Amino acid sequence: MIEGIIAAVIGAFVGVGGTVVYEKQRSLGGKHKADKAIADAKTKSSDIVLKAKDEAMQVLNDAKKEEADRRKEWQKTETRLAEREANLDRKLDELDKRSDGLRSQEDEVDGLKNEIREIRVRQQEKLEKIAGLKKADAADKLMQMTEKDIKQDLLGLVTKLQNDAKEDAEENAQMILVTAMERMSSEVTAERTVTAVKLPDEEMKGRLIGKEGRNIQALQRATGVDILVDDTPGMVILSSFDPIRRQVARIAVEQLMKDGRIHPARIEEVVAKAEKDLDKEIIRAGEDAARDVGVVGIPKEMIRLLGELKYRTSYGQNVLMHSTEMAHLAGLIAEEIGANVQVTKIATLLHDVGKAVTHKIEGKHHHIGAELARKYGMSEDIAHAIEAHHDDVEATTPEALVVRICDALSAARPGARNISAENFVERMRDLENIALGFKGIDKAYAISAGREVRIIVSPQAIDDLSAIKLARDIAVKIESTMQYPGTIKVNVIRETRAIEFAK
């Protein structure tokens, strides 16, 4: 049809063209020329017709090919839809079967529960029938018989105890006095877990942070303290549950600001120097406390642990001040009741020395303190008084009871203690100890109020894949052994350094 239309159009065109040429030739006066022109026009029109036919055929073939391609795509789409529909039908059938199975299992469980209830009721009825009593009546009768049997024994025991008390009146009077004094205690609040360092200017804040935070990261890694620079204008906040770490960080930050050279290598040097200076200050503080109380003969190892208490708190109360105050009070009480004043003072001064190493040694601080006293050659009277200043060990000497009394009296001062702060510190220590229990760990720091534990591993002992597994193992152990709100981030850091010197 298309070919016929094209031919008709071309024919009309040729006819018109030929007529025009013919009329032109006639007007010029030559028939021969007109015939020749007509012949040329026919030849050209034939060529045009053939070319038009070829182009029409090409368009037709392209249209047919495009139609075939579209049909193939439609067939593929229909096939995929059919497969998906079949899969959905199969899954729906499986879900129906599973639902039917669950319903049958639920019915079976309900039947077993009802059967168990019936068995229990029948058993109770049989027991009541055999005993001839109801359950409540049997319980009342048993209580009456027991009271009748032991009443006379209790009266005899009370009489015997009273006679024994009269025979040992003086000794018991001392015990009664110190026991009554021991009950005098109260608690109020005071809490400190941060240290603020003043900045000379805002430019120093940027220098402490360093390019891309390298300086502050190096400082946090070296000290184990969480450093906040944007919370308070003109101040740097050092946050850590461990006051010794905060003190090292404070000294290091102040020295860096004073020196002006702040970069990772310099930070490590300054932190190391701050730790040495603080160590000297700790020993001096222990010696000053012993001199203030007026006791001699304490081993130097115990003096150092005593000085470390200057930077530790118990329920928000400074432990060294608490111990010194207790020692003065203990000396007065021991002198009044005739106890050994020197033993009482030394034991009271050292009663909390175990708190200096509770983050390193597992156990309660009074047990640890007693073991340290025995280890460094102190007398058993002193070790027992240290160990018995809490209720889990019975105090068998007047000196031990005086230590227990003074502990309660010192803690009773307004503003002395805070339970929430102590619980927080214990949780931080437990978090660090869990991490340190794994092999290949150099340091572990609990930061961000316990929401993150940062672990630095030895690159020689732990490779990259082991670091990933280590982080997961520590997280699993924390989940299984601790109770905490929210989540805790376990951050394992593995860093390799190559250092060489040019000579």
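All values reported here derive from a predicted model rather than from experimental measurement.
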Worksheet entry | Candidate pair Asp288 and Arg291, rule salt bridge (charged side-chain N to carboxylate O under 4.0 Å, His left out), full reasoning | CA-CA 5 Å; Asp288 292 342; Arg291 189 182 305 110; 2.8 Å; yes
Worksheet item: Which atom names give the shortest non-hydrogen contact between Pro200 and Met257, and what distance separates them?
Response: CD-SD, 3.7 Å
Worksheet item: Testing Ile282, Ile303, Leu306 for side-chain contact (heavy atoms from CB on, under 4.5 Å) with Glu287, which one passes?
Response: Ile303
Worksheet item: How long is the span from the CD atom in Glu394 to the CG atom in Leu401, to the nearest 0.5 Å?
Response: 9.0 Å
Worksheet item: Any idea which heavy atoms bring Ala435 and Val453 closest together, and the distance?
Response: CB-CG2, 4.3 Å
Worksheet item: Taking all atoms of both residues into account, what is the closest heavy-atom pair of Asp352 and Ser323, and its distance?
Response: CB-OG, 4.3 Å
Discussion item. Walk me through whether Val236 and Leu228 qualify under side chain to side chain contact (heavy atoms under 4.5 Å, CB included).
Written reply: CA-CA 6 Å; Val236 173; Leu228 310 174; over 6 Å; no
Worksheet item: Counting N and O atoms only, with roles assigned by atom type, does the side chain of Arg494 sit under 3.5 Å from a partner on the main chain of Ala467, one being a donor and the other an acceptor?
Response: no
Discussion item. For a quick test of reading the model, state the closest non-hydrogen atom pair linking Ala339 to Pro398 and the distance between them.
Written reply: CB-CB, 4.2 Å
Worksheet, complete the sentence: Residues Ala249 and Val225: closest non-hydrogen pair is CB-CG2, 3.9 Å
Item to complete: Give the C-alpha distance, both sets of side-chain angles, the deciding distance and a yes or no for salt bridge (charged side-chain N to carboxylate O under 4.0 Å, His left out) between Glu371 and Arg374.
Response: CA-CA 5 Å; Glu371 290 302 320; Arg374 296 185 181 101; 3.2 Å; yes
Practice prompt. May I ask you to decide if Val197's main-chain N or O and Glu254's side chain share a donor-acceptor pair within less than 3.5 Å?
Written response: no
Discussion item. When you compare the side chain of Ile456 with that of Glu495, does any pair of heavy atoms fall below 4.5 Å?
Written reply: no
Worksheet item: Given side chains that start at C-beta, do those of Pro264 and Asn215 come closer than 4.5 Å, heavy atoms only?
Response: yes
Worksheet item: How long is the gap from CD1 on Ile209 to CD on Gln217, to the nearest 0.5 Å?
Response: 11.0 Å
Item to complete: Carefully, step by step, assess Glu281 and Lys310 under the rule salt bridge (charged side-chain N to carboxylate O under 4.0 Å, His left out).
Response: CA-CA 10 Å; Glu281 179 64 25; Lys310 178 181 178 181; 3.0 Å; yes
Worksheet item: Can you tell me if Asn114 uses its side chain to pair, donor with acceptor, with the backbone of Asp110 under 3.5 Å?
Response: yes
Item to complete: Could you tell me the separation between the CG atom of Leu431 and the CG atom of Leu436, rounded to the nearest 0.5 Å?
Response: 10.0 Å
Discussion item. Looking at Glu380, I want to see if its CD is surrounded by more than 12 non-hydrogen atoms of other residues, nucleotides or ligands under 6.0 Å.
Written reply: yes
Practice prompt. Go through the steps to decide whether Thr348 and Val403 satisfy the test side chain to side chain contact (heavy atoms under 4.5 Å, CB included), and finish with yes or no.
Written response: CA-CA 5 Å; Thr348 308; Val403 175; 3.4 Å; yes
Worksheet item: Around atom CZ of Arg122, are there more than 12 heavy atoms of other residues, nucleotides or ligands at under 6.0 Å?
Response: yes
Discussion item. Does any part of the side chain of Tyr311, heavy atoms only, come nearer than 4.5 Å to the side chain of Leu278, both counted from C-beta?
Written reply: yes
Practice prompt. Indicate whether the side chain of Glu452 and that of Asn491 have a donor and an acceptor atom separated by less than 3.5 Å.
Written response: yes
Worksheet item: Pick from Val343, Leu350, Leu349: which one makes a side-chain contact (heavy atoms from CB on, under 4.5 Å) with Ile346?
Response: Leu350
Worksheet item: Under 3.5 Å, is there a donor-acceptor pair between the side chain of His322 and the main chain of Val319?
Response: no
Item to complete: With the side chain counted from C-beta on, respond yes when Asp201 and Met204 share a heavy-atom pair under 4.5 Å apart, and no when they do not.
Response: yes
Worksheet item: When you look at CE of Met321, are more than 12 heavy atoms from neighbouring residues, nucleotides or ligands closer to it than 6.0 Å?
Response: no
Practice prompt. List the steps and the verdict of side chain to side chain contact (heavy atoms under 4.5 Å, CB included) for Val109 and Lys113.
Written response: CA-CA 6 Å; Val109 170; Lys113 288 181 179 178; 3.9 Å; yes
Worksheet entry | Intermediate values then yes/no, side chain to side chain contact (heavy atoms under 4.5 Å, CB included), Gln247 and Ile251 | CA-CA 6 Å; Gln247 185 70 5; Ile251 295 172; 4.2 Å; yes
Discussion item. What I'd like to find out is whether the side chain of Ile493 reaches to under 4.5 Å of the side chain of Val457, using heavy atoms alone.
Written reply: no
Worksheet item: Judged by atom type as modelled, is there a donor-acceptor pair below 3.5 Å linking the side chain of His389 to the main-chain atoms of His366?
Response: no
Worksheet item: Which distance, rounded to the nearest 0.5 Å, do you find between the CG of Asn433 and the CE of Met428?
Response: 11.5 Å
Practice prompt. Taking the side chain as every heavy atom from C-beta outward, state whether Ile474 and Leu470 have any atom pair closer than 4.5 Å.
Written response: yes
Practice prompt. Identify the heavy atoms of Ala388 and Ala400 that sit nearest to each other, and give their distance.
Written response: CB-CB, 4.3 Å
Worksheet entry | The single option from Lys273, Arg207, Arg266 passing salt bridge (charged side-chain N to carboxylate O under 4.0 Å, His left out) against Asp259 | Arg266
Worksheet entry | Neighbour count >12 (heavy atoms, 6.0 Å) for atom CD, Glu335 | no
Worksheet item: Got a second to check how far Ile447's CD1 is from Arg245's CZ, nearest 0.5 Å?
Response: 10.0 Å
Discussion item. For the CG atom of Asp442 and the CD1 atom of Ile462, what is their distance to the nearest 0.5 Å?
Written reply: 9.5 Å
Worksheet item: Does any N or O in the side chain of Arg454 come within less than 3.5 Å of the main-chain N or O of Tyr445, such that one atom is a donor and the other an acceptor?
Response: no
Practice prompt. Give a yes or no on whether the backbone of Val229 and the side-chain of Lys205 come within a donor-acceptor separation of less than 3.5 Å.
Written response: yes
Worksheet item: How about Ile434 and Met482: do any of their side-chain heavy atoms sit closer than 4.5 Å?
Response: yes
Worksheet item: Does the side chain of Glu301 reach to within under 4.5 Å of the side chain of Lys375, using non-hydrogen atoms?
Response: no
Worksheet item: Around Glu212, counting heavy atoms of other residues, nucleotides and ligands shown, do more than 12 lie under 6.0 Å from its CD?
Response: no
Worksheet item: Does Arg404 use its side chain to pair, donor to acceptor, with the backbone of His390 at less than 3.5 Å?
Response: yes
